[in-house]
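Following: one structure in structure tokens, then a few remarks.
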Protein chains: 4
Amino acid sequence: MSRSKLRVGIAGLGRMGKRHAVNFHQLTARAHVVAACTPDEEERKWAAEHLEGVKIYRDYDEMLNEELDAVVVASITAVHAEQAIKAINKGYHVLCEKPLSIDIEIAQSVVDAYEKSLQTHPSQKVMCGFSRRFDASYREAHARIANNEFGLPIIFRSQTADLYDSSGFFVEYAKTSGGIFVDCSIHDIDLMLWFFGEDTKIKSLQSVGVTAVHPDLQASNDRDNALATVEFEGGKIAALYCSRMMAAGQEDITELICERGMVKVNSQPRKNHVEIHDSLGARRQLPQHYYERFREAFVTEAHEFTECCLENTTPPITLQSSVKAVAIGQALQRSMISGEKIFFDERSVKN
Amino acid sequence: MSRSKLRVGIAGLGRMGKRHAVNFHQLTARAHVVAACTPDEEERKWAAEHLEGVKIYRDYDEMLNEELDAVVVASITAVHAEQAIKAINKGYHVLCEKPLSIDIEIAQSVVDAYEKSLQTHPSQKVMCGFSRRFDASYREAHARIANNEFGLPIIFRSQTADLYDSSGFFVEYAKTSGGIFVDCSIHDIDLMLWFFGEDTKIKSLQSVGVTAVHPDLQASNDRDNALATVEFEGGKIAALYCSRMMAAGQEDITELICERGMVKVNSQPRKNHVEIHDSLGARRQLPQHYYERFREAFVTEAHEFTECCLENTTPPITLQSSVKAVAIGQALQRSMISGEKIFFDERSVKN
Amino acid sequence: MSRSKLRVGIAGLGRMGKRHAVNFHQLTARAHVVAACTPDEEERKWAAEHLEGVKIYRDYDEMLNEELDAVVVASITAVHAEQAIKAINKGYHVLCEKPLSIDIEIAQSVVDAYEKSLQTHPSQKVMCGFSRRFDASYREAHARIANNEFGLPIIFRSQTADLYDSSGFFVEYAKTSGGIFVDCSIHDIDLMLWFFGEDTKIKSLQSVGVTAVHPDLQASNDRDNALATVEFEGGKIAALYCSRMMAAGQEDITELICERGMVKVNSQPRKNHVEIHDSLGARRQLPQHYYERFREAFVTEAHEFTECCLENTTPPITLQSSVKAVAIGQALQRSMISGEKIFFDERSVKN
Amino acid sequence: MSRSKLRVGIAGLGRMGKRHAVNFHQLTARAHVVAACTPDEEERKWAAEHLEGVKIYRDYDEMLNEELDAVVVASITAVHAEQAIKAINKGYHVLCEKPLSIDIEIAQSVVDAYEKSLQTHPSQKVMCGFSRRFDASYREAHARIANNEFGLPIIFRSQTADLYDSSGFFVEYAKTSGGIFVDCSIHDIDLMLWFFGEDTKIKSLQSVGVTAVHPDLQASNDRDNALATVEFEGGKIAALYCSRMMAAGQEDITELICERGMVKVNSQPRKNHVEIHDSLGARRQLPQHYYERFREAFVTEAHEFTECCLENTTPPITLQSSVKAVAIGQALQRSMISGEKIFFDERSVKN
């Protein structure tokens with residue numbers, strides 16, 4: 001594949017779809033957004049205004065008939081897998097928003113489709129977009145540990161904690177999100193697999209949760225704050241925290257405690273470089289949403305996915321690990337609801 | 001009791017005993033250290049040099065025959081309960097180093113002795129010394145939450161993490177310490193009871209641990225790093241971390257996440273107000289030991305215990321909560337070793 | 001002017017020219033780099049590889065014959081003014097790297113040319129690129145003060161402090177840079193005018209300097225560290241610091257102390273969100289160069305300059321203030337060398 | 001001198017006098033406050049209640065007739081010198097609050113009296129109490145630089161910035177304080193001498209000031225915010241800032257920029273280890289007054305002064321340097337009022 005530019009189609013133009021469209025269209029020199037599709041009329045209007053020179057489709061299948069090199073799947077989670085598989089089967093590269101599916105078997109079917117397709121398209125790339133892997137700070141942390149600066153990583157602690165939203169969004173969203181561990185903690189789980197090694201086996205996991213500020217989450221068997229521990233073979237352990245109740249902003253924090261040192265990422269969340277001193281003391285603002293914190297990581301993701309496709313190099317995230325992340329998230333969700341500790345069955349969930 | 005000065009006897013002159021002796025003798029205006037005892041000859045020599053005007057005994061029982069108002073029990077843990085009970089039975093006020101005992105029944109016997117003694121000495125004070133309750137930062141955090149500044153506290157996260165010690169001290173110490181959750185996390189557990197309410201009932205707890213840098217701890221059924229979750233009735237949850245592996249120093253951190261805000265204590269551990277910028281970046285030092293961080297809290301503890309005794313006011317820590325803290329620590333230790341989640345039996349451990 | 005894209009020519013492809021070229025070419029949706037020129041053969045080779053579809057010229061005048069809407073002057077300082085004036089005279093918009101010139105009369109001649117050209121090209125934009133005005137943190141600081149959150153700003157303190165460079169670069173550079181106050185502090189001076197008001201009159205200024213690590217700077221009448229105070233009419237004062245000796249990285253810090261509060265920008269310089277804890281304590285890295293810190297500001301600058309040109313809106317920096325900034329920098333440089341306090345002659349320097 | 005305890009008399013029981021009395025009486029094991037004096041009846045009442053066993057005098061001269069070893073002069077500045085000289089002439093050790101006097105000749109007369117007295121009392125100690133020299137953070141900074149960890153110190157930057165006080169206190173106080181540079185910056189000047197060396201010669205100094213929030217200071221020829229630069233022989237420079245306008249609290253910050261590194265003290269002023277996250281962002285409190293920040297330094301000062309007297313060791317501050325600090329403060333005050341840069345006359349002010 002010697003094209004100088006990657007022809008990209010964007011599936012879905014909701015919040016994340018718009019961002020991917022702009023990132024690939026305007027900020028990724030070697031990508032060229034050829035087409036985009038969405039069933040939503042408002043979104044198509046937005047596209048007509050903002051995506052100059054891009055063909056806009058209502059129907060995903062029609063868009064696939066364009067001459068494309070790659071598809072970015074950024075539609076609603078329920079169709080991620082189906083759309084990904086269709087694109088895979090056409091031999092297109094695929095960048096799919098997380099998660100592949102909140103159903104493990106469906107998620108695995110994407111991997112299976114990809115593995116089969118690889119036999120005829122050996123340079124095809126399919127990647128699930130875990131944005132933190134493209135964040136400069138996480139990358140520095142990972143590089144230092146990989147470089148053995150502090151000995152083996154032993155303890156992984158990580159949290160995804162969203163700003164409190166009084167609009168009822170989280171309650172509505174919980175009906176289809178797969179639950180707080182599948183929606184929020186999936187990022188922490190992916191990082192855990194990245195830092196500890198994607199092949200590391202889980203021995204057990206356990207979680208507890210509460211509904212402190214969104215009691216209606218109970219109806220969806222979900223919680224607004226939860227804590228978990230995960231135990232790995234080989235003497236590694238992890239603690240996770242997820243929340244929908246932060247008062248100051250997005251507080252996504254990760255710590256890797258190693259034999260001879262520790263790396264913290266985001267331990268002092270901050271929006272920018274401003275500090276205010278007034279009668280309330282000295283204060284800083286926090287990012288209000290994950291995109292405010294991780295915007296640059298998404299741009300990097302677009303760049304690197306594009307490079308991998310054009311240069312036929314290995315993407316930084318294996319597709320199988322994205323299925324494993326969902327499996328772990330679901331197990332944590334089950335433990336939170338049942339109250340039981342789960343001694344992970346590696347066979348059934350491809351741990 | 002209208003004495004203007006509290007006559008104090010110090011039992012034990014090891015590391016903490018020496019500190020208590022100096023704090024009461026030199027830094028507590030209304031206390032007067034009359035006597036001290038230790039079976040250790042070196043320690044008695046130290047006392048002769050440093051505790052001017054204090055009678056030094058080899059034998060605890062003999063010291064008790066002095067005219068005292070209060071006894072500070074700072075000897076080895078194994079004799080805490082016995083010495084405390086003897087002093088209680090003489091009607092003396094008692095400040096006992098934590099824990100009362102690593103055996104719950106023995107710990108409870110101190111409470112029982114105190115309750116019985118109160119019938120004849122209604123103004124007698126017996127308190128277990130949990131130093132963090134006297135730390136100015138923890139107090140501000142507690143006051144703000146008690147003042148309902150952020151709504152109900154929902155999530156408690158806390159850690160006690162010691163600097164790595166290559167001398168083998170921790171391995172030796174583990175033989176009698178009761179384990180990392182009873183030794184280290186006891187402070188976090190006490191804080192948890194303080195912030196959530198000493199009457200809050202535990203529903204379940206669970207912990208996992210590893211031996212990363214002190215493999216010989218396995219022989220004592222102990223670990224050098226452990227994580228736990230605790231679930232309370234009424235929609236509160238907690239996460240604990242304890243460690244013997246810190247590379248930079250003592251990292252004791254606590255977070256209270258409330259409905260409308262969060263209070264963090266020590267989240268940026270620092271030794272002092274110095275920051276160094278050089279070719280390594282910008283850095284600060286951390287306290288190397290808990291006493292470096294909490295020295296002032298111990299002085300405040302001495303002051304306040306003295307005031308409670310002289311003014312017949314209520315000490316800030318109930319004795320029963322100190323037994324409960326040990327019970328929780330032991331349950332966490334059992335969970336860590338067995339791998340099982342424990343659904344707490346409130347009857348047997350007086351939860 | 002109703003073009004949807006701004007046709008841009010880039011003059012100079014050195015370090016900053018390359019960055020401007022990429023920022024306008026790849027990261028600014030409404031800009032289209034049509035041409036670039038440089039007398040340097042290596043730079044033209046780089047352009048052929050990296051600036052797809054851009055015509056590359058050796059000669060500036062030839063490039064100007066292209067159909068352009070705007071020119072970015074990023075060549076060596078000595079030709080800034082000449083190139084800017086030529087572009088102005090062709091009616092092109094101009095974004096000129098700072099400073100316009102280190103000679104005030106030459107700098108003023110650019111303003112004069114612009115004012116004359118405006119009579120025939122009333123929507124022409126000419127702006128000197130002071131990147132910090134486009135930085136999100138500085139903007140928040142400015143907006144809060146403009147919004148009167150803290151009362152009037154009274155004290156301005158600011159520094160530009162470069163990482164120590166052992167290569168001799170600073171010594172060589174000093175021969176033509178105009179001196180440390182014109183080269184480094186020009187940013188702080190520009191911010192000072194922005195925060196205090198571009199019309200604010202200076203009453204006096206004074207500076208002192210040393211050569212601590214680059215003694216050869218003496219030959220160019222320059223220093224490697226200098227301190228200044230500036231006094232304004234209306235009860236405002238400022239302190240500046242500039243340095244070529246930082247050990248940890250770029251330390252560009254600004255503080256606005258107002259009647260009822262203070263805003264600090266960059267007071268804790270940090271490269272990213274990583275903190276490392278090891279035997280040296282807890283540390284973070286700093287940006288090593290200004291571009292590492294201000295990269296995004298340059299991209300924003302490209303966006304906004306483009307928007308101003310296409311939408312005929314007012315650029316955020318007046319050209320006259322850029323001349324005033326150079327005049328102040330030169331006066332500080334003179335004071336540093338002579339040791340004399342200067343009671344600013346507003347007439348001669350258009351204060 | 002083989003006494004085990006130092007018999008101390010306290011002159012003055014105002015705000016600082018009370019603190020010294022308590023620090024020496026209750027917190028300094030080897031000191032014994034024998035007597036105290038104050039012309040103020042309320043203060044004598046306070047003493048009767050709080051200074052158990054201490055003889056209380058109305059008259060300073062009468063108190064001097066007690067058998068004392070040392071006198072702490074903590075009365076109003078106007079009588080510091082007179083009282084110090086009387087105690088010196090009786091052969092007593094003296095710890096005198098800063099400044100000795102705001103009149104250089106009077107200040108020098110204390111040094112002269114001490115030098116004369118030393119001929120007959122060779123182990124007599126007389127020290128002016130500059131509390132920051134006893135602060136653990138400043139000491140670490142000084143030790144690291146003395147230890148040559150970062151090469152020579154080149155730039156000294158320091159500020160003393162008080163919380164805004166709306167009561168009119170600063171205006172009243174300015175009538176006798178000697179001005180903001182003599183009152184506030186005296187600490188920074190003392191630190192400057194300590195870090196650069198007490199023998200370092202000043203070449204020039206210059207300052208500018210404003211009255212932003214306390215316009216009535218003009219009547220006393222004082223200002224509420226001021227900036228200064230100081231130039232030393234040997235290639236060292238300093239910048240000072242003093243303020244009475246801080247909104248968040250006491251902001252006393254010092255930086256030593258050295259050839260190969262920098263040490264910052266207090267660069268992130270903080271009251272304690274608490275951080276609050278709520279809808280306003282993440283914030284910390286600041287100390288509200290210098291004593292809240294430096295309380296421990298005063299206790300250390302009491303300890304060390306006592307040790308120096310009892311053990312006949314050299315106090316950490318020379319008396320002559322305290323006169324020099326006042327001379328520099330006065331010169332800065334003059335420069336601020338006159339607007340002139342001062343080329344320091346070393347002969348007249350014993351620079």
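Every chain is numbered from 1, with letters handed out A, B, ... down the list of sequences.
Listed options C/Arg260, C/His277, C/Arg144 were ranked by heavy-atom pairs under 4.5 angstrom with chain A; first place goes to C/His277. The candidate from C/Val265, C/Val263, C/Leu27, C/Ile257 with the greatest count of non-hydrogen atom pairs under 4.5 Å with chain A is C/Leu27. Across A/Gln26, A/Glu296, A/Met262, the residue that shares the most heavy-atom pairs under 4.5 angstrom with chain C is A/Met262.
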Dump the intermediate steps for side-chain contact (heavy atoms from CB on, under 4.5 Å) on C/Glu140 and A/Gln285, then the final yes or no. CA-CA 11 Å; C/Glu140 180 181 324; A/Gln285 302 298 303; 4.2 Å; yes
Does the pair A/Ser4 and C/Glu52 meet the rule for a side-chain contact (heavy atoms from CB on, under 4.5 Å), with working shown? CA-CA 10 Å; A/Ser4 71; C/Glu52 192 187 346; 4.3 Å; yes
Steps toward side-chain contact (heavy atoms from CB on, under 4.5 Å) verdict (C/Phe150, A/Ile276): CA-CA 10 Å; C/Phe150 316 108; A/Ile276 293 167; 3.7 Å; yes
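In plain terms, the two heavy atoms of A/Ser137 and C/His273 that are nearest each other are OG-N, 2.8 Å.
Both the backbone and the side chain of A/Arg270 come within less than 4.5 Å of a heavy atom of chain C.
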